[in-house]
Amino acid sequence: MRMKRIAYILLFPLLLVSCGTRSGYFKMGGRFLHMNQGELYVYSPDGGINGLDTIKIEAGRFSYEKPCSKPSTLIVIFPNFSTQPIFAESGEAVEVKADASHLKEMEVEGTKDNELMTKFRKQIASASPPEELKYAIQFINDHPESVVSTYLLNRYLVQTESPDYKQAAKLLPILMKEQPDNVMLGRLQRQLNELGTLTIGGKLPKFSAKDVKGKAVNNATLQGKSVVIINAWANWSYESLDIQRALNDAVKAGKIAALGICIDANPKEIRQSLERDDIDFPNVCDGKLLNTPLLKTFGLTTIPDNIVIRNGKVTERNITANTIRQRYGTD
């Protein structure tokens, strides 16, 4: 009996390791070719992480563990500013393998959803944008039970420079039927409903607010330029901060007018951040997070999100920092 107890004591830690990681946590680790040292950043669009975490790469390897009580999506930001999703589950661990020069072919092993995403990455590695969209829609139809489909629907049909809200609205009920407890799908449904208030071709609505310096901001503030870009952002989202910087360069060059809407909780900290980065256009931060009224006024639903207004009418949504730099000569 004593020998059995000793054997159990010795075996138990091995069982814990073989099952991935400790309960209530998610772990990812891995290695990179052609990247010996550096940093990765990670954030979560669905609340899996508060803010932005940093992951150190040393000798081509990294390890990261976070508390995880429910499934969540993590967005990893690489040194070249490209992003890839990792799907976290409590008590699970994944292994990442990637070549830093071919991140589109990154492999993630350890859970079904991450392995499905790996197959999708390989499928689109050399595909054209129209082909990527076709493959994404096919994946969603083939795997409505997977959180990967939720990510792809948002990535390719909603948060894109050429959104297809009609197709998104068609696919969303299929996913909701298979994933009734997925809160992200409920959020997407609300977003699609609210997007109807300001669509492509709609006029810039009347608005009035105060920026972080206490100055009045309204329609008149944005007059004088044929192009206006309104950007929803947060300090924890590198992608939205990059858009802010690109907008700032374009504003200083006299190419556009811009308005930022920050969803962070502390307006004082945001004012200091804007001063530090020498952001030269109006920014509103009322501390109401995603409940700030201006988001609904402009049909902005997530971070990052933006609308482009030409001659008083909305012409585009969700343009990237690179698009801004290329189009308005700020490279």
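When a residue number appears, it is its place in the shown sequence, counting from 1.
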Peer 1: Between Lys225 and Gly254, is there a donor-acceptor pair closer than 3.5 Å when you use the side chain of the first and the backbone of the second?
Peer 2: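 Yes, because the side chain of Lys225 sits within donor-acceptor range (under 3.5 Å) of the backbone of Gly254.
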Peer 1: Val217 and Pro282: which non-hydrogen atoms are nearest, and at how many Å?
Peer 2: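 Closest approach of Val217 to Pro282, heavy atoms only: CG2-CB, 4.1 Å.
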Peer 1: Test your reading of the model: is there a side-chain donor-acceptor pair from Asn218 to the backbone of Lys206, 3.5 Å cut-off?
Peer 2: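 Side chain of Asn218 to backbone of Lys206, a donor-acceptor pair under 3.5 Å: no, none is there.
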Peer 1: Is the cationic atom of Arg121 (NZ for Lys, CZ for Arg) positioned less than 6.0 Å from the six-membered ring centroid of Phe139 and within 45 degrees of its normal?
Peer 2: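 Not flagged: Arg121 not positioned over aromatic ring of Phe139.
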Peer 1: Looking only at heavy atoms, which two atoms of Arg245 and Tyr238 are closest? And how far apart?
Peer 2: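 Here Arg245 and Tyr238 meet closest at NH2-CE1, 3.3 Å.
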Peer 1: Can you tell me how the ring of Trp236 sits relative to the ring of Tyr43, calling it parallel under 30°, perpendicular over 60° and tilted otherwise?
Peer 2: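 Taking Tyr43 first and then Trp236, their aromatic rings sit tilted (interplane angle of 30° to 60°).
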Peer 1: In the structure I gave you, are the side-chain heavy atoms of Lys215 and Thr221 within less than 4.5 Å of one another anywhere?
Peer 2: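 Not touching, per the 4.5 Å side-chain cut-off.
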Peer 1: Treating Ile, Leu, Val, Met, Phe, Trp and Tyr as nodes and any side-chain heavy-atom pair under 4.5 angstrom as an edge, say whether Met184 and Leu172 lie in one connected cluster.
Peer 2: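 Result: no, two separate clusters.
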Peer 1: Atom CD1 in Ile137, atom OG in Ser149: separation rounded to 0.5 Å?
Peer 2: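 One gets 11.5 Å once the value is rounded to the nearest 0.5 Å.
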Peer 1: Do Asn182 and Gln179 get their side chains close enough for a donor-acceptor pair, meaning under 3.5 Å?
Peer 2: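 Yes, side-chain donor-acceptor contact under 3.5 Å.
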Peer 1: Can you tell me if Glu115 uses its side chain to pair, donor with acceptor, with the backbone of Gly110 under 3.5 Å?
Peer 2: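 Side chain of Glu115 to backbone of Gly110: a pair is present.
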Peer 1: What distance separates Ile324 CD1 from Gln244 CD, expressed to the nearest 0.5 Å?
Peer 2: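 Ile324 atom CD1 to Gln244 atom CD measures 9.0 Å (nearest 0.5 Å).
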Peer 1: Under 4.5 Å between any side-chain heavy atoms of Leu40 and Asp53, yes or no?
Peer 2: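 Result no, sub-4.5 Å side-chain heavy-atom pair not found.
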Peer 1: Verify the neighbour count for atom CZ of Arg310: are there more than 12 heavy atoms of other residues, nucleotides or ligands below 6.0 Å?
Peer 2: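 It does: Arg310 CZ has more than 12 such atoms within range.
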Peer 1: Counting distance only, does the side-chain N/O of Thr297 pair as donor-acceptor with the main-chain N or O of Pro293 below 3.5 Å?
Peer 2: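 At least one qualifying donor-acceptor pair exists.
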Peer 1: A side-chain contact here means heavy atoms from C-beta on lying under 4.5 Å apart; do Phe32 and Leu103 qualify?
Peer 2: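 Yes, at least one pair of side-chain atoms sits under 4.5 Å.
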Peer 1: I want to check something: taking the side chain as every heavy atom from C-beta on, are His143 and Leu116 in contact at a cut-off of under 4.5 Å?
Peer 2: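 Heavy-atom side-chain distance check passes, below 4.5 Å.
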Peer 1: Can you list the steps and then say if Thr323 with Thr320 is a side-chain hydrogen bond (donor to acceptor under 3.5 Å, both in side chains)?
Peer 2: CA-CA 5 Å; Thr323 296; Thr320 65; 3.0 Å; yes
Peer 1: Do the side chains of Glu95 and Arg61 get close enough for a salt bridge, i.e. N-O under 4.0 angstrom?
Peer 2: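 A salt bridge is present here (some side-chain N lies under 4.0 Å from a carboxylate O).
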Peer 1: Going from CZ on Arg155 to OG1 on Thr73, what distance comes out if it is rounded to the nearest 0.5 angstrom?
Peer 2: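 It comes to 14.0 Å.
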Peer 1: In Å, rounded to the nearest 0.5 Å, how long is the span from CG of Leu259 to CZ of Phe298?
Peer 2: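 Leu259 CG to Phe298 CZ: 6.0 Å, rounded to 0.5 Å.
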Peer 1: Under 3.5 Å, is there a donor-acceptor pair between the side chain of Asn283 and the main chain of Phe281?
Peer 2: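 Checking the backbone N and O of Phe281 against the side chain of Asn283, a donor-acceptor pair under 3.5 Å is found.
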Peer 1: Quick one: do Arg271 and Asp211 make a salt bridge, cutoff under 4.0 Å?
Peer 2: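 The answer is no: the pair does not qualify as a salt bridge.
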Peer 1: Hey, could you give me the CG/CD distance between Leu152 and Glu132, rounded to the nearest 0.5 Å?
Peer 2: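 Reported to 0.5 Å precision, the distance equals 10.0 Å.
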Peer 1: Looking at side-chain heavy atoms only, is the closest gap between Gln37 and Ile57 below 4.5 Å?
Peer 2: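 When only atoms from C-beta onward are counted, Ile57 and Gln37 do not touch, as no gap falls below 4.5 Å.
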Peer 1: Heavy atoms only: give me the nearest Glu145-Asp142 pair and the separation to one decimal.
Peer 2: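 Heavy atoms only, the tightest pair is OE1-O, 4.3 Å.
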Peer 1: Taking the side chain as every heavy atom from C-beta outward, state whether Thr160 and Asn318 have any pair of such atoms under 4.5 Å apart.
Peer 2: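 When only atoms from C-beta onward are counted, Asn318 and Thr160 do not touch, as no gap falls below 4.5 Å.
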Peer 1: Would you say that Phe207 contacts Leu222 through its side chain, given a criterion of any heavy-atom pair below 4.5 Å between the two side chains?
Peer 2: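 In contact.
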Peer 1: If you count the non-hydrogen atoms of other residues, nucleotides and ligands that lie under 6.0 Å from NZ in Lys210, is the total more than 12?
Peer 2: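 No.
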Peer 1: Atom CG in Asp305, atom CD in Glu239: separation rounded to 0.5 Å?
Peer 2: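 With rounding to 0.5 Å, CG (Asp305) is 10.5 Å from CD (Glu239).
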Peer 1: Shortest non-hydrogen contact from Asp278 to Lys252?
Peer 2: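 Heavy-atom minimum between the residues: OD2-NZ, 2.6 Å.
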Peer 1: Would Asp242 and Arg325 pass as an ion pair if we require N to O under 4.0 Å?
Peer 2: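 Yes, charged N to carboxylate O under 4.0 Å.
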Peer 1: Assess the side chains of Asp113 and Ser146: does a donor N or O sit below 3.5 Å from an acceptor N or O?
Peer 2: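 Checked: Asp113/Ser146 side chains pair up, N/O donor to acceptor below 3.5 Å.
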Peer 1: Under a single-linkage definition using a 4.5 Å side-chain heavy-atom cutoff for Ile, Leu, Val, Met, Phe, Trp and Tyr, are Ile279 and Trp233 assigned to the same hydrophobic cluster?
Peer 2: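 Ile279 clusters together with Trp233.
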Peer 1: With side-chain contact (heavy atoms from CB on, under 4.5 Å) as the criterion, how do Asn114 and Glu92 come out once you've worked through the C-alpha distance, each side chain's angles and the decisive distance to 0.1 Å?
Peer 2: CA-CA 11 Å; Asn114 283 296; Glu92 297 292 344; over 6 Å; no
Peer 1: Counting N and O atoms only, with roles assigned by atom type, does the side chain of Asn306 sit under 3.5 Å from a partner on the main chain of Ile319, one being a donor and the other an acceptor?
Peer 2: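 It does hold such a pair.
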Peer 1: Counting heavy atoms not belonging to Lys56, are there more than 12 under 6.0 Å from its NZ?
Peer 2: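 At most 12 heavy atoms, drawn from other residues, nucleotides or ligands, come within 6.0 Å of this atom.
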Peer 1: Does the distance from a Lys or Arg side-chain N to an Asp or Glu carboxylate O, for Arg187 and Asp46, drop under 4.0 Å?
Peer 2: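 Salt bridge absent between Arg187 and Asp46.
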